[in-house]
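Chain letters run A, B, ... following the sequence lines, proteins first and then strands; every chain starts at 1.
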Amino acid sequence: MRIVFMGTPEFAVPSLEALLKSDDRVVGIVTQPDRPRGRGQRLSPSPVKVIAQREQLPLLQPTKMKDPAFMAELSGWKPDFIAVAAFGRILPPAILSLPPRGCVNVHGSLLPKYRGAGPIQWAIINGETETGITTMLMDEGMDTGAILLQEAIPIAPEDTAGSLSSRLADLGGRLLVETLAQLKMGTLIPRPQDHAQASLAPLLKKEDGVIDWSLPATIIANRIRGLTPWPGAHTFLQADRWMIYRATPMDEAATSAPGQITAMTKDAIHVATGQGVLAIRELQPANGRRMPAAQYLAGHPLQIGMQLSPSPRL
RNA sequence: CGCGGGGUGGAGCAGCCUGGUAGCUCGUUGGGCUCAUAACCCAAAGGUCAGAGGUUCAAAUCCUCUCCCCGCAA
């Protein structure tokens with residue numbers, strides 16, 4: 001079978017690697033154009049592009065999906081299947097109908113729940129204890145295609161979007177290869193989604209990282225886990241921005257105003273929330289690197305009653 | 001050349017503006033107290049102040065260049 005793979009970030013890499021090890025032949029790869037990133041606004045390749053170059057496979061990086069030159073190249077590859085994992089662009093009907101055996105997508109949730117670009121993050125933010133991978137036959141909607149295979153995994157209390165994502169990505173690779181194998185054998189019957197059960201998981205934005213201290217401690221803790229490592233949960237101590245990487249709710253009622261520091265222990269900074277106390281255990285202060293709360297406290301004496309707020313205050 | 005912040009004993013920081021004996025919190029080591037301890041008390045070890053050049057009687061501190069790190073922005 002001739003497979004074309006479309007994907008972009010780290011999440012897509014295990015799927016591509018799994019295909020490369022399978023019996024099928026990856027005849028071409030599509031990924032997003034190099035983007036300026038990092039400090040000097042240098043152009044850098046997507047993780048998928050790095051693999052493509054290592055394997056010396058044909059690679060396309062279209063700026064527009066409807067670019068005729070891109071379409072011509074793609075159809076010239078004559079794929080039987082197109083496999084898609086976190087590609088980051090909507091595929092137009094012309095591409096969806098190009099491969100005779102269809103386009104298969106690897107999605108990081110148990111569809112129809114958490115359709116969209118941020119399924120892993122939203123599952124954690126909402127406090128789910130289980131999520132999974134769904135492979136599906138793509139159609140024109142956003143993650144609305146018929147389900148092929150599905151496998152669940154538990155979400156651990158200490159999971160962040162980062163740790164969960166890497167486990168799901170590995171599972172995705174396995175499931176993708178399995179899905180293609182079963183499709184070839186014709187033993188797999190696509191199952192339409194129950195659209196009434198659908199929920200949306202939109203892409204997170206920078207602003208979603210702002211911590212609202214008036215929420216309950218457990219809700220804030222889940223948000224922090226879901227926002228780590230990107231876009232990162234943050235708050236402000238006066239003018240300085242704190243990135244919060246790890247925090248756990250304490251079994252303790254809050255008696256101060258939300259956002260006030262109520263105690264400094266050996267390894268945590270306690271903050272009052274709308275309901276309960278949250279213990280900050282790992283943070284990154286302004287201009288510093290990520291560090292345990294204990295280290296921060298060693299060099300920055302805090303005082304009880306100091307106020308954390310959603311925006312900088314002088 | 002996109003903007004800004006930083007590199008000081010093992011860790012996190014102060015000192016730099018207003019040059020002149022290296023400071024704080026934590027950790028480490030030894031001792032003490034204690035039924036006991038991650039707690040407390042006492043003591044000790046540990047730093048070419050990122051690197052190079054310059055100014056000066058004298059540079060962590062002022063000037064120039066290099067390297068590395070961090071945030072914003074993407």
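- Distance noted for atom C1' between B/C40 and B/A45: 22 Å (whole Å).
- Annotation: of the two residues near RNA chain B, A/M291 and A/N287, the 5′-most nearest-nucleotide partner is A/N287.
- Read 5' to 3', the first and last nucleotides of RNA chain B with an atom closer than 4.0 Å to a heavy atom of chain A are B/G2 to B/A74.
- The residues A/R225 and A/E158 are annotated as not salt-bridged, no charged nitrogen and carboxylate oxygen being separated by less than 4.0 angstrom.
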Please report, to 0.1 Å, the donor-acceptor pairs under 3.5 Å made by any side chain of residues 196-206 of chain A, with sequence neighbours excluded.
| from | atom 1 | to | atom 2 | distance (Å) |
| --- | --- | --- | --- | --- |
| A/S199 | OG | A/Y114 | N | 2.9 |

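- Nucleotides B/C26 and B/C41 place their P atoms 9 Å apart, quoted to the nearest Å.
- Taking atom C1' on both B/G7 and B/C1, the two are 23 Å apart, rounded to the nearest angstrom.
- Checked against side chain to side chain donor-acceptor pair (under 3.5 Å), A/E140 has no partners two or more places apart in sequence or in another chain.
- The partner of B/U34 is absent, by the rule that a Watson-Crick or G-U pair needs both atom distances under 3.5 Å.
- Under the Watson-Crick and G-U wobble criteria, each requiring two contacts below 3.5 Å, nucleotide B/U64 is paired to B/A52.
- Applying the 6.0 Å contact sphere to CZ of A/R290 captures more than 12 heavy atoms from other residues, nucleotides or ligands.
- When both pairing distances are held under 3.5 Å, B/A43 makes a Watson-Crick or G-U pair with B/U29.
- Defined by atom type and a distance below 3.5 Å, a donor-acceptor pair is present between the side-chain atoms of A/T134 and A/Q150.
- Using a 4.0 Å heavy-atom distance criterion, A/R289 is classed as a sugar-phosphate-only contact.
- Checked by atom type, the side-chain pair A/Q284/A/R241 shows no donor-acceptor distance below 3.5 Å.
- Of all nucleotides present, only B/C24 satisfies the Watson-Crick or G-U wobble test against B/G12, with each distance under 3.5 Å.
- For the C1' atoms, the distance from B/G47 to B/G27 is 16 Å, rounded to whole Å.
- The list of salt bridge (charged side-chain N to carboxylate O under 4.0 Å, His left out) pairs with a residue in residues 3-19 of chain A, not counting sequence neighbours, reads A/E17-A/R54.
- Taking the C1' atom of each, B/C70 and B/U25 are spaced 22 Å apart, rounded to whole Å.
- Of the two residues contacting RNA chain B, namely A/Q295 and A/K206, the nearest-nucleotide position lying further toward the 5' end is that of A/Q295.
- Pair assignment for B/A58: none, as no Watson-Crick or G-U wobble contacts are both less than 3.5 Å.
- Partners of A/S75 according to the side chain to side chain contact (heavy atoms under 4.5 Å, CB included) rule, which considers only residues two or more places apart in sequence or in another chain, are A/L98.
- Taking the side chain as every heavy atom from C-beta outward, A/L278 and A/M250 never approach each other to under 4.5 Å.
- Across the strands present, B/G4 finds its partner in B/C70; the criterion is a Watson-Crick or G-U wobble pair with both atom distances under 3.5 angstrom.
- Taken residue by residue, residues 297-305 of chain A places heavy atoms nearer than 4.0 Å to RNA chain B at A/A298, A/G299, A/H300.
- For the P atoms, the distance from B/C63 to B/C24 is 28 Å, rounded to whole Å.
- Using atom C1' as the reference point in both B/C69 and B/G12, the two lie 15 Å apart (nearest Å).
- Rounded to whole Å, the P atom of B/C13 lies 36 Å from the corresponding atom of B/U56.
- Classification of the A/H300-A/Y296 ring pair by plane angle, with boundaries at 30° and 60°, yields parallel.
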